[in-house]
Amino acid sequence: MCLRAFHPKPLLAFFSAVLLALLLPLMAPAQAYVGKPKLIVVVVIDQFRGDYLQRDRAEFKGRGFRLFLDQGANFSDCYYDYANTKTAPGHATIGTGAYSDGHGIETNEFWDASRSFEHKVSSVEDERYQLVDLPAASIPANQPGAPDDALKYVIGSSPRNLRATTFGDELRLGTQGRARVFGISLKDRAAILPAGQAANGAFWIDTASGQFTTSTYYMEHLPEWASAFNASGRVNEAAREAKVEGTTQFFELVGRTPAANRYELDFARALINGEKLGQNGVTDLLVVSLSPNDIQGHQFGPDSDSEEEMILSLDRDLDSFYSWLDKTVGLKNVWLALTADHGIAPIPAEAAKLGIHSGILNTKILYAKLNTELNSRFSPGKKTEYLLAGADLPYIVLDKRAFEKAGISEVVAEEALAALLPADVAAQAPQPDGPLPLQHRLAPAPQVAGVYTRLQLAHGQLPPSEMGRVLAHSYAEHGNWYVMLLLDAYQMAGSGGWEGTTHFSPWSYDRHVPLAFYGAPFVPGEYHERVAPVDLAATLASLAGVNQPSAAVGRVLTEALKPTHAEQQ
Ligand SMILES: [Zn+2]
């Protein structure tokens, strides 16, 4: 036995093992996950559909999108797993790793029975707070210092409707408040919701002037660096770049141009400098939601020159922003994530020309017809309004006060409405004023794909299918009765015209978004596994070593993670 110890083969193996043991500590750091970063930046591009990165891939230059495509982990098949693909729920999902049934936000503006039957409330408006340091011309009548001609009633904002914590909240909890968490957007909801309840600040713009503001939920006054940014003339420069100098409609006119992406990213630079992010000895978080792509996208659609210009311009601006991050915080100390709050449908007229069964549902006509039918059944001879105004598909909200007055229960009311919808929607076809389809193809015609009552959703009485799961994830309630109306794919609500497009549906083009990561823990590559935006918060929480957000249902994307040092040994 002992002779075998001198056999050349075992000897070679012995020296190899010694050599490996000596080299391993030197090699390991290059392979291993190198610890928590100083800063995580999540970039959300509003309405950026999942196929855009692939479509324009050959055109990208520098370290904008290419940073993710060439050096990051890119998940090309990421789909929201709910049917209400709107901005507020999308941003809440990115932060919380949960869907509407977890975070409580189903759309941008909803009827809340506990607050008002006079008007809808936005997902973040909160009358207990005020907007901060607005420019004099924008101070509304309900605040001191308002000009004589102030008409607007503007109230503050908060994450009051967010019923789950975010990844940022868990970072704050996990570090006893030492981690610093911020959100930025042109839109209040997109700044507030992904950042969370415990965020140090969220900043968005006063829509008229373009100046950044926040709410007294976070602070009484803007920080010095933000006031300096507002006073710097940068807002005028953005308007000049957009060729609308002196405008009082900054959100609409500058907001739909690439100039507004640069404006937001410059504000992000000012925040990182001003708040000294990445210098706190713990992991800080910044969520930047870039709104311009959504503002122009609704108007011009996903296949327009405007969309192409926006994407390529954003590629250059992200290159510049990430290069700046590299020079300041150092990209080796940063993790980056990229995603979107929802996709978008092609303009229905364009789809119809190719023979796709698109269609426009005129909700004004629909509501009038439904009210007539509900009156003839429940209150003959009367003209009761049974629906709360302002259709916002996929939800149709009933006025429960009207039904209760007529002695009708929720189950009877919702089922009556659900039964009427398929025929009433189909009655709007054919649509001869629409675009002409190719010869031998069908004319555009709206059609119901499914109707589900609030009670069905609340009790899980849904089909045991993919769609059933998607619908269950869409459930939230604010004290009102409603039904969910699903139209066929490539169809949407409109006021009769064929201009513009939108997102709101359970169909793939509204649910498909990018999901990509860059940073030390990620194995670069293209991943085609079907994943979901809820996986973003789950993955970051796992890597940062904090608890998952309170209602998180996402999966940790282990296929894209380097092995940890411990696992290697
Ligand atoms: Zn959006």
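Each ligand, and each atom within it, is numbered from 1 in the order the structure gives. Numbers here are sequence positions counted from 1.
H478 and S114 form no side-chain donor-acceptor contact under 3.5 Å, judged by distance and modelled atom types alone. Judged by distance alone, the side chains of S100 and N84 do bring a donor and an acceptor atom under 3.5 Å apart. For the residue pair N480 / E477, no side-chain donor-acceptor distance below 3.5 Å is found, with atom types taken as modelled.
Residue pairs meeting the salt bridge (Lys or Arg N to Asp or Glu O under 4.0 Å) criterion with at least one member in residues 335-352, sequence neighbours excluded: E350-K353.
Protein N/O/S atoms found under 2.8 Å from the Zn ion (ligand 1), listed by chain and residue number: D46 OD1, T87 OG1, D341 OD2, H342 NE2.
Judged by the 6.0 Å and 45° rule, R234 forms no cation-pi pair with F229.
Among the candidates R172, E170, Q197, the single residue satisfying the side chain to side chain donor-acceptor pair (under 3.5 Å) test with T165 is E170.
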